[in-house]
2 protein chains.
Amino acid sequence: MILSTQENDLAKRVTIKSIAEDLGISHMTVSRALSGNPNVSSQTRILIENRARDLGYVKSAAAKAMRGDGTKIVGLLLPNITNDFYARYANAFAKECDRHGLHLVIHLTDDEIEKERVSIRQLREIQAMAVVMVPCAHGVARQDRDIEGLNVIQLVRSREMTSNSSSLVINDAEAIHDAVVHLRTLGFDRIGYIGADPSLSTGRDRFQSYHNGLTSVGLELDANLVIRGAPNFDLGFSGVPRLLEGQGATALICGGVEISNGAISVLMQRHDGSGDTFGFVGYGDPAFLSWIGKGLAGIQLPIEELAAITIQQIGAFNGEARDVPPATHALKAELAGRVGKITFT
Amino acid sequence: MILSTQENDLAKRVTIKSIAEDLGISHMTVSRALSGNPNVSSQTRILIENRARDLGYVKSAAAKAMRGDGTKIVGLLLPNITNDFYARYANAFAKECDRHGLHLVIHLTDDEIEKERVSIRQLREIQAMAVVMVPCAHGVARQDRDIEGLNVIQLVRSREMTSNSSSLVINDAEAIHDAVVHLRTLGFDRIGYIGADPSLSTGRDRFQSYHNGLTSVGLELDANLVIRGAPNFDLGFSGVPRLLEGQGATALICGGVEISNGAISVLMQRHDGSGDTFGFVGYGDPAFLSWIGKGLAGIQLPIEELAAITIQQIGAFNGEARDVPPATHALKAELAGRVGKITFT
DNA sequence: TTGAAAGCGGTACCAA
DNA sequence: TTGGTACCGCTTTCAA
């Protein structure tokens, strides 16, 4: 009665030993029969298999792990799972894990380094075979000790680590460039940008692509049309009015999923009756983007591919663990080809 | 080199024994020191603690589990995690799990009984301390054998089980009733309904509440204004035009999250230039509902409360496992008080 | 305060 | 084709 959370402790766990005793044979024979070892007479094998089924026997993952066979547990560390991108990635990756018979353990970090650290420690305790993580935005890098011995795959963002980790990043340079061109083609010439601050690599890169885009369509970079900060909902929500009223922006490109949601939220609530048309390219591609106006444009992230490459990098193929050397993969984002205007009524 | 997925097998796992050997003492002393047992001299204790920290020691969860101490693993079975409701629930519940030091293992069932079965079996293998699940819509109930010995908490839907399981359901009767009243108050008198078919308990209950609502505002039930079927996106998407064109519906109540999304999707794409106003109450409360028109009404689900009660029912309080008897909780949904009209332009 | 032994559920290895 | 033994990491129990 020590295990208070299990209701039927009295019913005793069914183990190969209990089955063996029950059948009056050696537990080794039971082990062999239940592991597909050929060295068992078909008579006893059938006997054992039936007994095991009737008793509801399941192998103890703990015992296997303790022998050094590793686990089938994969950790996934995300800031949250409500963000459209994270949710869709988690969904796609969870499906892959299920397909490969892996357990997906999800921990939310809230983008806080301390929670990240705790989660990683716990994942080491249960000997996770791999950890897929979006590293915290502003984390110090000194957690190498914690991560040691773990097969780490960094997602989207990438932090320096001593242990050789893989990383999967999104190459959105062309997509953002295309977004500028697209908006320019639609006739807009005051194209604003809201993105993460330069302390983040994504903040630097995406801004650079925006800048390159402007250059290639013959527009000057106007610092007043650019807002950078912590990449969250509020940056987009509060930034849009500033760009519209203050700077006369006529179009906007968002450099982050949350930013994009914040911007759309405030744009949708805007009914100034002007009949003005505003150009918009969001980041990410949530379903509702296509519902607005004649469909807003968005930078489409390669979520399914990301999930597929992740599982590949983990190296779990039909239960056979393979050795996959650490690697870096960059997947291309694409501008979803919709009109991309919103009209204020 | 058997564990191919771990890169530094050669660096040997750090165990209490390896630490003991390293320090030239008994592994028991190390065990005591690292488990907070008072019977260790503070000298050796400090010595051991430092060594453990330097070596990056973590307790083996497998070894603890094998001794019968149980695990800190909680399983969550959902049809998917992109659905707004499931994603938000998973997010809230994952946070609770993190707060309590639990591992959340997520498996997606796609609402298929076979996947559900496989996942449950796997969760038994790793001795999950509890399993929270949305039972498949059309599953046969004969899986008692599989579930035996597992602490099961059924979410939203509820299936008969021999082993005594808890269930957490949403009581949306009043909210749906209120929705009808709300739409009637706005002046609509041809209020349609799209919901799950009667084979599901939610299908029966929600329809009944809709019916009751009509009665209470003095409207007759018109079978032509009701569409029922598998509660998915397409039911809403294809149902709306049928109700509008075919039956002259002027308002709609949705009896499911996916249905609601499908309906909104087609409504948003509708630009017939009529200037007609259409009443709408969605199911669930995704952020974008508030963006449409002056804000669409939705039936708000008590997600945070649901997550809180779930963790409570699991009985994990600060690492202390408590015995919580199986129970059924019904949480109330509420009509989010927004205007709830959409105008076709 | 410390140590030695036994056992949790499996499998590799050797012996019969 | 079978059975016995030892071990994986940790804690409970008993002995020193």
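The structure displayed is predicted, hence computed values, not measured ones. Labels below follow one simple rule: chain letters A, B, ... track the order of the sequence lines, proteins then strands, and each chain is numbered from 1.
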Calculate the interatomic distance between [X] atom [atom1] and [N] atom [atom2]; express it in whole Å.
X	N	atom1	atom2	result
A/Ile126	D/dG9	CD1	C1'	16 Å
A/Ile25	C/dA16	CD1	P	21 Å
A/Ile16	D/dG4	CD1	P	13 Å
A/Met66	C/dA12	CE	C1'	14 Å
B/Leu34	D/dT12	CG	P	14 Å
A/Met28	C/dA12	CE	P	8 Å
B/Asn37	C/dT2	CG	P	11 Å
B/Lys59	D/dC8	NZ	P	19 Å

Base, sugar-phosphate alone, or nothing: which one does [X] contact when heavy atoms must sit under 4.0 Å apart?
X	answer
A/Lys17	base
A/Val30	nothing
A/Ser31	base

OP1 or OP2 of [N] under 4.0 Å from side-chain N/O of [X]:
X	N	result
B/Thr15	D/dC8	no
A/Thr44	D/dT2	yes
B/Thr29	C/dG3	yes

Examine the base of C/dG10 for any acceptor or donor lying under 3.5 Å from a partner atom in the side chain of A/Arg32, and report the outcome as yes or no.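 It does not, because no donor-acceptor pair links the side chain of A/Arg32 to the base of C/dG10 below 3.5 Å.
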To the nearest 0.5 angstrom, please state how far the OG1 atom of B/Thr15 sits from the NE2 atom of B/His27.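 Between B/Thr15 OG1 and B/His27 NE2, I get 9.0 Å after rounding to 0.5 Å.
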Tell me, with the steps shown, if B/Glu112 and B/Thr109 meet side-chain contact (heavy atoms from CB on, under 4.5 Å). CA-CA 6 Å; B/Glu112 291 172 20; B/Thr109 62; 5.8 Å; no
Could you work out which one of [options] sits closest to the side chain of [X]?
X	options	answer
B/Val40	C/dT11, C/dT2, D/dC10	C/dT2
A/Ser41	D/dT1, D/dC10, C/dT2	D/dT1
A/His27	D/dA6, C/dG7, C/dG9	D/dA6
B/Arg67	D/dT5, C/dC8, D/dT1	C/dC8
A/Asn39	C/dC13, D/dG9, D/dT2	D/dT2

Heavy-atom closest contact (A/Ala87 atom, B/Thr82 atom, distance):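 Closest heavy-atom pair between A/Ala87 and B/Thr82: O-CG2, 4.4 Å.
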Is it the case that the side chains of A/Gln313 and A/Ser166 hold a donor-acceptor pair, with the cut-off being a distance below 3.5 Å and no angle test? yes
Is A/Lys59 reaching over with its side chain to a backbone N or O of A/Leu34, donor-acceptor style, under 3.5 angstrom? yes
